[in-house]
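Given the structure is predicted, the values throughout are model-derived calculations rather than measurements. Here is how names work: the chains are called A, B, and so on, in the same order as the sequence lines, proteins then strands, and each is numbered from 1.
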Number of protein chains: 2
Amino acid sequence: MQIASIDNLLKRNQLSVTDSRKKILELFKEHNGAMAHSDIEKKTDEKFDRVTIYRTLQTFVEKGIIHTIPTPDNSVLYALCKDSCSSTGHHHDNHVHFVCDNCNITYCLDSVVTPQVDLPQGFEPKVIDVVVTGICKNCQV
Amino acid sequence: MQIASIDNLLKRNQLSVTDSRKKILELFKEHNGAMAHSDIEKKTDEKFDRVTIYRTLQTFVEKGIIHTIPTPDNSVLYALCKDSCSSTGHHHDNHVHFVCDNCNITYCLDSVVTPQVDLPQGFEPKVIDVVVTGICKNCQV
DNA sequence: TAAATTATGCAACTTTGTTGCAAATCTATA
DNA sequence: TATAGATTTGCAACAAAGTTGCATAATTTA
Ligand SMILES: [Mn+2]
Ligand SMILES: [Mn+2]
Ligand SMILES: [Zn+2]
Ligand SMILES: [Zn+2]
């Protein structure tokens with residue numbers, strides 16, 4: 001992705017254009033799959049303070065630029081949202097996530113829509129998170 | 001649940017019967033919904049070392065006595081397994097979990113079976129985790 | 001009941017995440 | 001394009017969560 005487009009994404013979200021924000025967005029655009037805070041720390045060669053990375057991720061989540069992914073091992077993962085994500089708090093893409101047991105990549109399966117779930121009387125659903133664990137297409141024998 | 005039955009559960013799983021294990025199992029039997037490590041620490045009045053609680057929970061997960069629940073805020077929750085849970089590593093109950101936004105209780109909805117998900121070519125599912133967030137039956141207006 | 005096995009508590013440590021604040025950077029505008 | 005005002009960053013200090021090794025205590029086995 002072009003640099004101009006990253007700058008635009010930031011401006012469109014009323015965020016000032018800074019080195020850390022640009023770099024972290026670049027990483028998300030380049031990277032195949034979700035990333036943890038620690039991944040970003042490594043991939044930026046510790047160029048940015050840990051705190052800055054935490055705050056940048058938090059800002060991006062608030063703006064609807066990235067979303068968090070719940071995982072079976074309860075590590076916090078982040079991935080880019082599709083353009084349409086709203087910037088008001090609890091946005092969620094309605095797609096399924098896939099965690100590969102082998103290569104450990106976590107995919108956003110944008111083409112797989114979250115299934116409906118029939119709940120018992122009285123339970124009112126707002127968000128449905130589906131996380132599938134297994135072997136990904138690149139790790140098949 | 002009777003004390004004898006707790007002792008039996010431990011023995012059935014080749015675990016020695018100790019105070020911490022009995023107490024923590026009791027808590028799970030009494031408690032409505034899932035618990036975090038910190039909940040257990042509080043409910044046991046700090047009678048047991050933090051490390052002991054960590055190790056007890058880990059042992060119970062390995063034996064298939066309890067299971068972990070992935071949550072949207074990535075806190076680690078535990079709940080009792082139904083009797084049939086195997087004791088070999090990655091056991092999972094095939095039910096849906098519900099996190100209430102209001103009272104913050106996390107329910108095992110044993111009656112709601114995990115839906116099937118159609119994955120793209122090449123992705124092989126092993127475990128499907130479904131976590132629904134919303135308002136529970138006790139918190140409706 | 002004693003030996004052997006297993007679990008616990010403690011200390012020390014790592015990793016992860018949070019907060020306040022001064023210095024640096026960015027944005028808007030003159 | 002220089003400057004004032006707003007925002008972001010890095011640092012320090014801290015808190016919470018989780019891990020490991022090892023001596024002691026408790027439990028099981030015989
Ligand atoms: Mn996603
Ligand atoms: Mn459950
Ligand atoms: Zn893979
Ligand atoms: Zn509730």
Could you state the CZ-C1' distance from A:Arg12 to C:dT27, rounded to the nearest angstrom?
19 Å
I want to verify a distance call: between D:dT28, D:dT9, C:dG17, whose nearest atom is closest to the A:Thr56 side chain?
D:dT9
Roughly how far, to the nearest 0.5 Å, is the CG atom of B:Asn104 from the OG1 atom of B:Thr71?
9.0 Å
Please report the distance, rounded to the nearest Å, between CG in B:Asn74 and P in D:dA17.
14 Å
Whole-Å distance, B:Leu25 CG to C:dA7 P, equals 14 Å
Length of the line joining A:Ile24:CD1 and D:dT8:C1', which is rounded to integer Å
12 Å
A:Glu124 side chain near B:Lys137 side chain, heavy-atom distance below 4.5 Å
no
Heavy-atom nearest nucleotide on DNA chain D for B:Thr18 versus A:Asp49: which residue maps closer to 5'?
A:Asp49
Atom pair distance, as rounded to whole Å: CZ in A:Arg50 and P in D:dT8
20 Å
Between C:dT18, C:dA7, D:dG18, which one does the side chain of B:His37 approach most closely?
D:dG18
Hey, is the side chain of A:Arg21 poking within less than 4.0 Å of OP1 or OP2 on D:dT8, counting only N and O atoms?
yes
Nearest heavy atom decides the nucleotide; on that basis, is B:Arg55 or B:Ser16 closer to the 5' end of DNA chain D?
B:Arg55
Take atom CZ of B:Phe48 and atom P of D:dA26, then tell me their distance rounded to the nearest Å.
12 Å
Applying ring-ring contact (aromatic ring centres under 6.0 Å, His included), which residue pairs with at least one partner in residues 109-129 of chain A are found, sequence neighbours left out?
A:Phe123-B:Phe98, A:Phe123-B:Tyr107
D:dT8 OP1/OP2 closer than 4.0 Å to side-chain N/O of A:Thr52
no
Taking the side chain of A:Val76 as its heavy atoms from C-beta onward, which of C:dT18, C:dG17, D:dT27 lies nearest to it?
C:dG17
For A:Met35 versus A:Phe28, what's the shortest heavy-atom pair and its separation?
CE-CD2, 3.5 Å
Kindly calculate the angle separating the two end axes of the helix from C:dT1-D:dA30 to C:dA30-D:dT1, each obtained from five base pairs, and round it to 10 degrees.
40°
Quick check: does any side chain N or O of B:Asp39 sit under 3.5 Å from a backbone N or O of B:Ala36, one acting as donor and the other as acceptor?
yes
Could you give the OH-to-P distance, from B:Tyr54 to C:dG9, as a whole number of Å?
15 Å
What are the two closest non-hydrogen atoms of B:Thr114 and B:His95, and how far apart are they?
OG1-N, 3.5 Å
Can you name the nearest heavy-atom pair linking B:Pro72 to A:Thr68, along with the distance?
O-OG1, 4.3 Å
What is the distance, rounded to the nearest whole Å, between atom NZ of A:Lys11 and atom C1' of D:dT7?
16 Å
Considering every strand and a 4.0 Å limit on heavy-atom distances, what is the contact class for B:Thr59: base, sugar-phosphate, or nothing?
nothing
